[in-house]
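The next block holds one structure in the form of structure tokens; read it before the comments.
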Amino acid sequence: MTSIGTGYDLSVTTFSPDGRVFQVEYASKAVDNSGTVVGIKCKDGVVLGVEKLISSKMLLEGSNRRIHAVDRHAGMAMAGLASDGRQIVTKARSEASSYRSFYGEEVPIGELCERVAHYVHLCTLYWWLRPFGSSAILGGYDRDGPQLYMIEPSGVAYRYFGAAVGKGRQAAKTEIEKLNLSEMTCRQGVIAIAKMTRPLSWR
Amino acid sequence: MEPMACQWTDAPHSMGTTIMAVEYNGGVILGADSRTTTGVYVANRASDKITELTDNVYLCRSGSAADSQVVSDYVRYFLNQHTILLGRLATVKTASTLVKELSYQNKSFLETGLIVAGWDKYEGGSVYGIPLGGTLLRLPFATGGSGSSYLYGFLDQAWKSNMTQEEAEALVVKSISLAIARDGASGGVVRTVTINEEGVQRKFYAGDKLPLFHEEIAPRPTPIHAN
């Protein structure tokens, strides 16, 4: 599965002969090896779930959350390096807030996703920055209804009805595909998500 | 004797003005007079003080003609980009917020009172008043300009909520006519713009189409007494 760059992977500003930027791909590896994060778009909203990783029995329960509110109508769940994820959330909050000040209304989720993706991509363009080692699953509800997006370390962002990243993503994706999301309410969605992230532990 | 023309023609263009906008059942109606003055000289007796910001949102301008035009140009530019980005029509609230930001952040440089009104599918018709300092206030109806002073009492009595388009239009035309009758800085014709779900409709009322009030009616011949 892993291919080594051999010399073309030392800098984010170097392309390999077959047109890949290895540093960005390696950043995605950080996400792939982290705790599972899942998101689904239900009939009446979006549900996000994360797998709780207990690294120490002394961690206070309820701390180290990986799902953050971005605005009153949007939230983000982070996978990968926790501190990188925090930075992305801060940026998203700032963008949502400035949109509100400037335009007098809440930021459309698609627009918010664009702005965050733009920022994440920016950090893959310069040699003196490193790519973010986090993926963000953004869920929100605006005038066009509930929406779910995922922003990857490369800066690419797509809209989904179901998304999963992290260690258990394959299993989670299989489970999501079985669900009838167009008929499902958020209440039912929470239970479905809990089952998906249950094997290890759920939040 | 020096010519007095200099003072009259060199003064900055001001729109003494009467402007107003009214929300009715289904949309909004904007109305304005058409007099632009430089001092006491009427620079333009048929100006159009109702400008388009976007397909569904229009702006009534009063105060300094230049200031109001510049604000309107900037907002049109921002809204154009916003519409493309958003993929749908901008809301009246967004347009008003942009106008307010410019007005408030540049309050020491600008002298313009504005009324933003339009229709969007979320709120229906809405009217926002943005007076001199840059306050933003959503109102069922708003007036502005020097002529508006003469309309407060009249509208207190004549305005009612949920009017039909015809009622609202008649109210706007009557109001502007009353203000024109009393305010020297307002005059010319009455222009109205109606915005609703179907779109935008501009109307033009020339002097002879406007209602007359007591002192303006031609004097009747005095009766001849018997002796």
Side-chain angles (χ1 to χ4, degrees), chain A residues 41 43-46 70-76 88 91-122 125 136 138-152 155-161 163, chain B residues 53-59 71-72 74-107 114-131 133-139 142 197:
Chain A
K41 178 182 99 87
K43 198 166 54 171
D44 58 342
V46 173
V70 167
D71 198 335
R72 300 189 66 161
H73 66 305
M76 246 180 188
I88 296 174
K91 183 66 177 166
R93 284 177 176 164
S94 161
E95 289 290 349
S97 172
S98 76
Y99 186 98
R100 218 182 248 282
S101 291
F102 197 68
Y103 293 104
E105 53 182 24
E106 55 193 29
V107 62
I109 311 297
E111 174 62 17
L112 179 62
C113 173
E114 280 267 323
R115 292 184 179 203
V116 174
H118 184 85
Y119 176 65
V120 169
H121 174 247
L122 208 71
L125 291 174
L138 168 67
Y141 199 117
D142 65 19
R143 291 194 202 270
D144 300 318
Q147 286 156 71
L148 179 70
Y149 294 87
M150 180 162 75
I151 302 142
E152 293 168 29
V156 126
Y158 291 122
R159 189 170 166 183
Y160 296 89
F161 53 81
Chain B
L53 291 180
T54 174
D55 290 346
N56 55 320
V57 183
Y58 277 63
L59 173 75
V71 168
S72 129
Y74 265 115
V75 174
R76 199 176 314 120
Y77 163 72
F78 286 130
L79 277 177
N80 185 40
Q81 295 186 314
H82 183 64
T83 307
I84 293 166
L85 206 67
L86 224 56
R88 58 168 166 80
L89 289 173
T91 59
V92 187
K93 187 168 189 202
T94 300
S96 317
T97 304
L98 290 170
V99 174
K100 177 268 287 179
E101 271 304 294
L102 283 168
S103 264
Y104 179 73
Q105 301 295 349
N106 296 296
K107 59 161 81 195
L114 303 157
I115 301 176
V116 178
W119 183 94
D120 59 59
K121 65 178 176 186
Y122 307 108
E123 291 289 319
S126 10
V127 172
Y128 288 84
I130 303 156
T135 320
L136 176 65
L137 200 58
R138 183 174 176 189
L139 299 158
E197 195 177 1

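Protein chains get the first letters and strands the later ones, always in sequence-line order, with residue 1 at the start of each.
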**Report entry** Minimum heavy-atom distance between A:R100 and A:D71, given as atom pair plus value
**Finding:** NH2-OD1, 3.2 Å

Query - Taking every non-hydrogen atom, the tightest pair across A:I151 and A:M76 - result: CD1-CE, 4.3 Å

Requested in this report: List the atom of A:L148, the atom of A:G139, and the distance in Å for their closest heavy-atom pair.
Outcome: CD1-CA, 4.4 Å

**Report entry** Short side-chain to backbone donor-acceptor contact, B:N56 and B:G118, under 3.5 Å
**Finding:** no

Query - CZ/A:F161: more than 12 non-hydrogen atoms of other groups inside 6.0 Å - result: no

Requested in this report: Considering non-hydrogen atoms only, spot the tightest contact between A:G45 and A:Y141 and give its length.
Outcome: CA-CD1, 4.1 Å

Query raised in the report: Listed by chain and number, what are the side chain to side chain donor-acceptor pair (under 3.5 Å) partners of A:Y149, not counting sequence neighbours?
Result: A:Q147

Query raised in the report: Looking only at heavy atoms, which of residues 109-122 of chain A get nearer than 4.5 Å to chain B?
Result: A:E111

Requested in this report: Residue by residue, scan residues 85-96 of chain B and write down, ordered by number, those that have a heavy-atom distance under 4.5 Å to chain A; if none do, write 'none'.
Outcome: B:L85, B:L86, B:R88, B:T91, B:K93, B:T94

Report task. Check ring-ring contact (aromatic ring centres under 6.0 Å, His included) between B:F78 and all other residues, then give those that pass, not counting sequence neighbours. Result -> A:F102

Query raised in the report: At their closest point, which heavy atom of A:P146 faces which heavy atom of A:R159, and how far apart are they?
Result: O-NH2, 4.1 Å

